[in-house]
Amino acid sequence: VQLQASGGGLVQTGGSLRLSCAASGGTSSSRYSMGWFRQAPGKDREFVAAISWTGVRSPIGDSVKGRTAISRDNAKNTAYLQIDGLKAEDSAVYFCAADPAYALPRAPQYWGQGTLVTVSS
């Protein structure tokens with residue numbers, strides 16, 4: 001499975017961002033759990049959000065809780081991450097991930113290349 005993340009860029013504090021992750025390859029890309037992690041400079045990679053192929057969402061990561069939503073369109077084999085109320089500490093490389101398991105594990109099998117999000121004032 002190949003994952004292509006997009007939608008990152010420079011955003012002002014308080015703004016919103018929508019990241020996309022398109023999956024391709026595999027026997028049935030739509031039957032994978034998908035999700036997002038992020039890694040800021042000098043910090044460990046942290047979990048952000050995940051969604052099963054049936055649309056069941058895992059609990060959102062604490063650092064973005066209340067202002068983040070994950071969704072997917074199985075017809076397009078694409079997952080989306082919407083983050084509102086962006087803060088400087090949201091600046092990071094955002095990685096999409098996928099796994100054949102119903103619920104995305106903390107060490108997914110497949111990773112995208114990452115998309116950089118920079119939040120500035």
Side-chain angles (χ1 to χ4, degrees):
V1 175
Q2 291 78 47
L3 302 174
Q4 181 68 47
S6 61
L10 179 63
V11 186
Q12 287 196 332
T13 301
S16 298
L17 200 65
R18 189 191 195 208
L19 304 179
S20 299
C21 176
S24 61
T27 55
S28 181
S29 298
S30 64
R31 289 180 176 257
Y32 286 76
S33 56
M34 298 181 74
W36 295 88
F37 294 75
R38 69 184 187 182
Q39 187 167 20
K43 295 188 176 182
D44 293 333
R45 186 173 295 181
E46 68 169 331
F47 170 78
V48 177
I51 187 168
S52 73
W53 69 269
T54 61
V56 175
R57 296 167 176 81
S58 299
I60 297 292
D62 289 341
S63 59
V64 294
K65 193 173 294 183
R67 53 192 183 91
T68 297
I70 186 170
S71 61
R72 67 188 292 163
D73 183 340
N74 286 344
K76 297 180 179 179
N77 289 333
T78 300
Y80 305 95
L81 182 72
Q82 175 82 25
I83 307 179
D84 301 317
L86 284 161
K87 308 174 184 179
E89 51 264 42
D90 292 321
S91 296
V93 177
Y94 284 71
F95 296 92
C96 67
D99 194 276
Y102 182 78
L104 191 74
R106 287 299 182 262
Q109 186 172 356
Y110 302 103
W111 291 89
Q113 84 287 4
T115 184
L116 177 63
V117 173
T118 303
V119 183
S120 71
S121 56

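Here Arg38 contributes atom CZ and Leu81 contributes atom CG; the two are 9.5 Å apart, rounded to the nearest 0.5 Å. Here the SG-CD distance, from Cys21 to Gln4, works out to 8.5 Å after rounding to the nearest 0.5 Å. Here OG of Ser6 is found 10.0 Å from CZ of Arg18. Values are rounded to the nearest 0.5 Å. In this structure, CG in Asn77 is found 7.5 Å from CE in Met34, a value given to the nearest 0.5 Å. In this structure, the separation between CZ on Phe47 and CG on Leu104 is 6.5 Å, given to the nearest 0.5 Å. The CG atom of Leu17 lies 9.5 Å from the CG atom of Asp84; values are rounded to the nearest 0.5 Å.
The minimum heavy-atom distance between Lys65 and Asp62, with the atom names listed, is NZ-OD1, 2.9 Å. Across all non-hydrogen atoms, the minimal contact from Gly25 to Val1 is O-CG2, 4.2 Å. Here the closest heavy-atom approach between residue Leu86 and residue Ser16 is recorded as CD1-C, 3.8 Å. Minimum interatomic distance between Pro108 and Ala98 (heavy atoms only, all atoms of both residues): CB-O, 3.6 Å. Taking every heavy atom of both residues into account, Ala5 and Gln113 meet most closely at O-NE2, 3.1 Å.
Within the structure, every pair that satisfies the side chain to side chain donor-acceptor pair (under 3.5 Å) test and touches residues 102-112, not counting sequence neighbours, is listed here: Ser52-Tyr102, Thr54-Tyr102.
For the pair Gln39 (side chain) and Ala92 (backbone), a donor-acceptor distance under 3.5 Å is absent. Under the 3.5 Å distance criterion, the side-chain polar atoms of Ser91 are matched with a main-chain donor or acceptor of Val119. Judged by distance alone, the side chain of Ser33 and the main-chain N or O of Ala101 form a donor-acceptor pair under 3.5 Å.
Under the 4.5 Å side-chain heavy-atom criterion for ILVMFWY residues, no single connected hydrophobic cluster contains both Tyr80 and Ile51. Two different hydrophobic clusters hold Val48 and Val93 under the rule that ILVMFWY side chains link at heavy-atom gaps under 4.5 Å. Clustering ILVMFWY residues whenever any of their side-chain heavy atoms sit less than 4.5 angstrom apart, transitively, puts Tyr32 in the very cluster that holds Leu3.
Residues Leu19 and Cys96 have side chains not in contact (no heavy-atom distance under 4.5 Å, counting atoms from C-beta outward). A 4.5 Å side-chain heavy-atom check between Pro100 and Arg31 finds every atom pair outside the cut-off.
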Self-check item: Candidate pair Val117 and Asp90, rule side-chain contact (heavy atoms from CB on, under 4.5 Å), full reasoning
Solution: CA-CA 8 Å; Val117 173; Asp90 292 321; 5.6 Å; no
Quiz item: Would Tyr94 and Ile83 satisfy side-chain contact (heavy atoms from CB on, under 4.5 Å), going step by step from the backbone distance to the final call?
Solution: CA-CA 12 Å; Tyr94 284 71; Ile83 307 179; 3.7 Å; yes
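Glu46 and Ser63 are linked by a side-chain donor-acceptor pair at a separation below 3.5 angstrom, with hydrogens and angles left out of the test.
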